[in-house]
Amino acid sequence: MSRVALVTGGTRGIGAAISVALKGAGYRVAANYAGNEEKAKAFADETGIPVFRWDVSNYQACVDGIADVEAKIGPIEILVNNAGITRDAMFHKMTPQQWNEVISTNLTGVFNMTHPVWSGMRDRNFGRVITISSINGQKGQMGQANYSAAKAGDLGFTKALAQEGAAKGITVNAICPGYIATEMVLAVPEKVLNERIIPQIPVGRLGQPEEIGRVVVFLASDEAGFITGSTISANGGQFFV
Ligand code: CAA
C-alpha cells in the first residue's frame, strides 16, 4: 500500500500544489485547511483529495485532526508543514496580535503538528517531516519581523529534530521558497511587488507553486533518506545562504 502524506494548508496556494504533486507521485494524500470551506470543497471535488478542517495553532485540534486522518486513511508517514499566514506591518506599527497570530500558526503550528505524529514515525522506523519555511526566514524582510522570526524558528526546529530522527529513519528538512505566485504574495501592494520585489529576483519572475511541489516529492521519497536537517532554497536566485 502506498504511503500516507498529510499536507497542512493543503487546499490552496503552495499547499494545493504540494498535495497534487504527492498524489501524482502515488501517495495517499490528506489535505488540512483552516477556514476557507468553499475553496477546500472545490479543491476536494477537483482533485479527489480528502480535506480535513482544523486550526494548526491549536494543539488539541491537531491531535484530534490527525487521529481522524489516521483512522480514515492510515498512519501518517509524510508530514508537510505548509500552513502559514502573513500579518505584514512595519515593526513600529505591528500589534501584539499580529505578532502572536503569525508565531502561533507559522512556528507553534509546526510543533503542534509534528509532535502528535512523531511517536508513530519512531515506532515504524520511517518518517518524513518537510516544513515550508521561507526566503524571509533566511534573509529577514522589512514589514515581516513576525513572519521572518517564525520562519527562521522553523529552520532551527528542523535542524534540531533532524538529529533526533536520524537513528529512527526519520528525515526532517525545510524548503525555503522565494516569492511564489500565490494569493499571499499577490496580496503585497502591487507597487511594492513590481518595483521592489520582482527586480530582486534574478530569474525575473515569481516562482510557480508546482516548482515547490516537486521539491517536496523529492524529499518525501525513500531515495532521499540521506538528506536530513537540510534547507533547500527555491527562490529564483534571490538569496544564497
Ligand atoms: N522590499 C523592498 N521594499 C519594501 C518592501 C519589500 N518587500 N515592502 C515595503 N517596502 C518599501 C516600500 O516600497 C516603501 O518605500 P518608499 O517609502 O521608498 O516608497 C517603504 O518600504 C514603506 O512601505 P509602505 O509605503 O508600503 O508602508 P506601509 O506602512 O503602508 O506598508 C507593509 C508596509 C505592510 C510592510 C507593505 O509595504 C507590504 O506589505 N510590503 C511587503 C512586505 C513583504 O515583502 N511581504 C512578503 C509577503 S509574501 C510572503 O511572505 C511569502 C514568502 O514567504 C516570500
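Every number for a ligand or one of its atoms is a count from 1 in the order of the listing.
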ask   = Backbone, side chain, both or neither: what part of I180 comes under 4.0 angstrom of ligand 1, heavy atoms only?
value = neither
key: atom 48 (S) of ligand 1: the protein heavy-atom neighbour that sits closest, reported with distance to 0.1 Å   = V185 CG2, 3.6 Å
query = Is the closest N or O pair between R196 and ligand 1 shorter than 3.5 Å?
reply = yes
request  = Classify the contact between T86 and ligand 1 as side chain, backbone, both or neither, using a heavy-atom distance cut-off of under 4.0 Å.
outcome  = side chain
Closest to atom 7 (N) of ligand 1 among Q238, M184, Q141 (heavy-atom distance) = Q141
query = Do Q98 and N146 meet the criterion of a side-chain donor-acceptor pair at a distance under 3.5 Å?
reply = no
request  = Test the R3-F126 pair against the cation-pi criterion, namely NZ or CZ under 6.0 angstrom from the six-membered ring centroid and within 45° of the ring axis.
outcome  = yes
ask   = With atoms numbered from 1 as shown, which atoms in ligand 1 lie under 4.0 angstrom from a non-hydrogen atom of G143?
value = 35 (C)
ask   = Is any NZ, NE, NH1 or NH2 atom of the basic residue among E211 and R205 found under 4.0 Å from an Asp or Glu carboxylate oxygen of the other?
value = yes
query = Is the closest protein non-hydrogen atom to atom 44 (O) of ligand 1 under 4.0 Å?
reply = yes
note = Closest heavy-atom pair, A152 versus G137, reported as atoms and distance to 0.1 Å, is CB-O, 3.4 Å
key: For atom 5 (C) of ligand 1, the protein heavy atom that lies nearest, with its residue and separation   = V192 CG1, 3.5 Å
note = G178 heavy atoms within 4.0 Å reach ligand 1 at atoms 54 (C)
ask   = Looking only at side chains, do S133 and D154 share a donor and an acceptor under 3.5 Å apart?
value = no
inquiry  = Is it true that Y179 and N136 share a donor-acceptor pair across their side chains at a distance under 3.5 Å?
reply    = yes
message = So for atom CZ, which belongs to R53, do other residues, nucleotides or ligands contribute more than 12 heavy atoms lying within a distance under 6.0 Å?
response = yes
remark   = Among non-hydrogen protein atoms, atom 21 (O) of ligand 1 lies closest to M142 CE, 3.2 Å
Flag if over 12 foreign heavy atoms under 6.0 Å of CD, Q97 = no
query = At what distance is the nearest protein heavy atom to atom 42 (C) of ligand 1, and which residue and atom is it?
reply = D88 OD2, 3.5 Å
key: Heavy-atom neighbours of Q163 CD exceed 12 at 6.0 Å   = no
remark   = Exactly one candidate in T114, T158, T8 meets side chain to side chain donor-acceptor pair (under 3.5 Å) with N81; the answer is T114
query = How close does the nearest protein non-hydrogen atom get to atom 51 (C) of ligand 1, and which residue and atom is it?
reply = Y147 OH, 3.5 Å
query = Looking at I197, which atoms of ligand 1 are within less than 4.0 Å of one of its heavy atoms?
reply = 7 (N), 44 (O)
ask   = Do you know which two heavy atoms are closest between A174 and L155, and how far apart they sit?
value = CB-CD2, 3.6 Å
query = Contact between G137 and ligand 1, counting heavy atoms under 4.0 Å?
reply = no
query = Ion pair present between R128 and E77, side-chain N to carboxylate O less than 4.0 angstrom?
reply = no
query = Could any protein non-hydrogen atom be found less than 4.0 Å from atom 27 (O) of ligand 1?
reply = no
query = Looking only at side chains, do Q138 and S233 share a donor and an acceptor under 3.5 Å apart?
reply = yes
ask   = What are the atoms of ligand 1, with element, lying closer than 4.0 Å to any heavy atom of S134?
value = 52 (C), 53 (O), 54 (C)
query = Which one of Q144, K93, M90 has a non-hydrogen atom at the shortest distance from atom 29 (O) of ligand 1?
reply = K93
request  = Indicate, as side chain, backbone, both or neither, the part of P189 found under 4.0 angstrom from ligand 1 when only non-hydrogen atoms are considered.
outcome  = side chain
request  = May I ask you to list the atoms of ligand 1 that are less than 4.0 angstrom from any heavy atom of N136?
outcome  = 54 (C)
ask   = What do you reckon, does Y179 have a nitrogen or oxygen under 3.5 Å from a nitrogen or oxygen of ligand 1?
value = yes
request  = Decide whether V241 and V203 are clustered together by the hydrophobic rule: side chain heavy atoms of Ile, Leu, Val, Met, Phe, Trp, Tyr closer than 4.5 Å, transitively.
outcome  = yes
message = With the threshold set strictly below 4.0 angstrom, can you tell me whether any protein non-hydrogen atom sits that near atom 24 (P) of ligand 1?
response = no
task = Please check if a non-hydrogen protein atom sits closer than 4.0 Å to atom 32 (C) of ligand 1.
result = no
note = the protein heavy atom lying closest to atom 41 (C) of ligand 1 turns out to be V188 CG1, 3.7 Å
